[in-house]
Amino acid sequence: MNVNISALATPGVRKITPYQPGRPAEAVAAEFGIAKPIKLASNENPLGPSPQGIKAMQTVHNLARYPDGNGTVLKEKIAARHDLDVACITLGNGSNDILEFVCRAFVNPGDEVIFSRHAFAVYPLATRAVGGKPVETPALNWGCDLDAMRRVVTDRSKVIFIANPNNPTGTWLAAAELKSFLAEVPDHVIVVIDEAYAEYVTARVYPDYPDCTQWLADYSNLLVTRTFSKIFGLAGLRVGYGVSSPEIADYLNRVRQPFNVNSLAQAAAVGALDDDSHLRLSRETNQTGMAYLMDACTARGLNYIPSAGNFLAIDFSRPTQDLFEAMMQQGVIVRPIANYGMPDFLRVTIGTEDENQRFIEVMDKVLETGGLEANV
Ligand SMILES: *Cc1c(COP(=O)(O)O)cnc(C)c1O
């Protein structure tokens with residue numbers, strides 16, 4: 001029997017380009033025989049998970065029981081953190097889950113979903129999975145161009161995704177421009193502000209950066225997503241959340257699995273939310289490392305996109321696939337972003353001081369020898 005499986009898949013799913021994750025350190029270690037590769041490829045917290053999160057996780061004993069399907073304690077904690085009602089919170093298996101819920105709950109086949117060029121890869125993926133029509137707007141200085149977005153809104157538009165800051169560019173939008181945009185978006189469009197990196201954005205460096213979780217009262221079509229995968233250091237546990245009007249949250253909750261966030265993840269997230277010192281240290285480490293990498297790039301005549309996140313997109317003014325591979329052979333894993341329309345860039349996650357130095361050393365070595373050719 002020779003079944004044409006492709007013909008059975010839905011048209012939207014057939015068009016999906018699978019998400020490309022960063023290479024796991026273990027795989028690189030095995031392939032290149034490197035004892036301890038460093039991974040600066042997935043914007044994870046180089047300091048590891050919140051110790052208070054781990055401690056809280058270790059109090060979970062009876063894994064024979066289902067998790068709390070309502071995530072009661074975690075939701076209360078999140079609600080208190082943002083001074084919101086618990087009815088505004090939706091928990092996700094990573095914030096990725098929330099991005100999918102919004103498409104499944106609101107996007108009909110043929111409905112338009114708007115996002116910027118160079119925006120997070122999950123937006124087109126979640127759109128296509130439900131038969132939605134991706135509408136990509138041109139970027140402005142690598143970032144999201146809100147005027148371009150305004151111009152493509154139609155009667156068929158249903159969702160707008162905006163990452164603030166955006167991954168992989170690190171670009172960000174200020175409060176005033178986002179506010180006037182939200183005020184103009186028609187009622188039939190849900191605006192998702194993806195704040196996966198919000199905790200890294202410091203008021204001192206970016207005084208105009210908005211905390212959109214505080215805007216729900218003004219915009220009933222607003223959904224803001226946050227994650228425990230980045231500054232809280234719990235990427236492996238998969239937990240994130242959305243905040244929105246209770247009405248939006250109601251529909252998001254209808255499409256999620258009843259037990260989408262596991263017990264360990266819920267407990268760790270509750271603990272992590274109390275861990276101010278881990279949060280502070282993570283932010284400071286990021287700031288110091290970011291400054292170091294920016295200076296190192298400038299000293300070498302390399303351009304980069306100024307970033308409000310925990311990563312830096314560096315412009316090598318030439319295709320970077322061979323640089324990426326040569327660095328990997330030296331035990332430093334970064335992320336090529338040609339699939340984001342940025343073939344001349346590499347995205348580097350800010351690591352510990354040692355990791356950042358190692359990255360620069362390896363980058364120097366690889367650039368000196370001209371990339372992969374020298375290693376062959
Ligand atoms: C990392 C990231 C996320 C978070 O994904 P999780 O599913 O919460 O791990 C969401 N949005 C953007 C832009 C990201 O870079």
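Counting starts at 1 for both ligands and their atoms, in listed order.
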Worksheet entry | Ring centre gap for Phe120 and Tyr340 strictly below 6.0 Å | no
Worksheet item: Applying a heavy-atom distance cut-off of 4.0 Å, which protein residues contact ligand 1?
Response: Gly94, Ser95, Asn96, Phe120, Asn167, Asp194, Ala196, Tyr197, Thr227, Ser229, Lys230, Arg238
Discussion item. Tell me whether the count of non-hydrogen atoms from other residues, nucleotides or ligands lying under 6.0 Å of CG in Asp187 goes above 12.
Written reply: no
Worksheet entry | Check: Phe161 ring centroid to Phe115 ring centroid under 6.0 Å | no
Discussion item. Heavy-atom count check: over 12 atoms from other residues, nucleotides or ligands less than 6.0 Å from Asn2 CG?
Written reply: no
Discussion item. Centroid separation under 6.0 Å, is that true for the rings of Tyr304 and Trp142?
Written reply: no
Discussion item. Taking Ile314 as the starting point, is it possible to reach Leu40 by hopping between hydrophobic residues whose side chains are less than 4.5 Å apart?
Written reply: yes
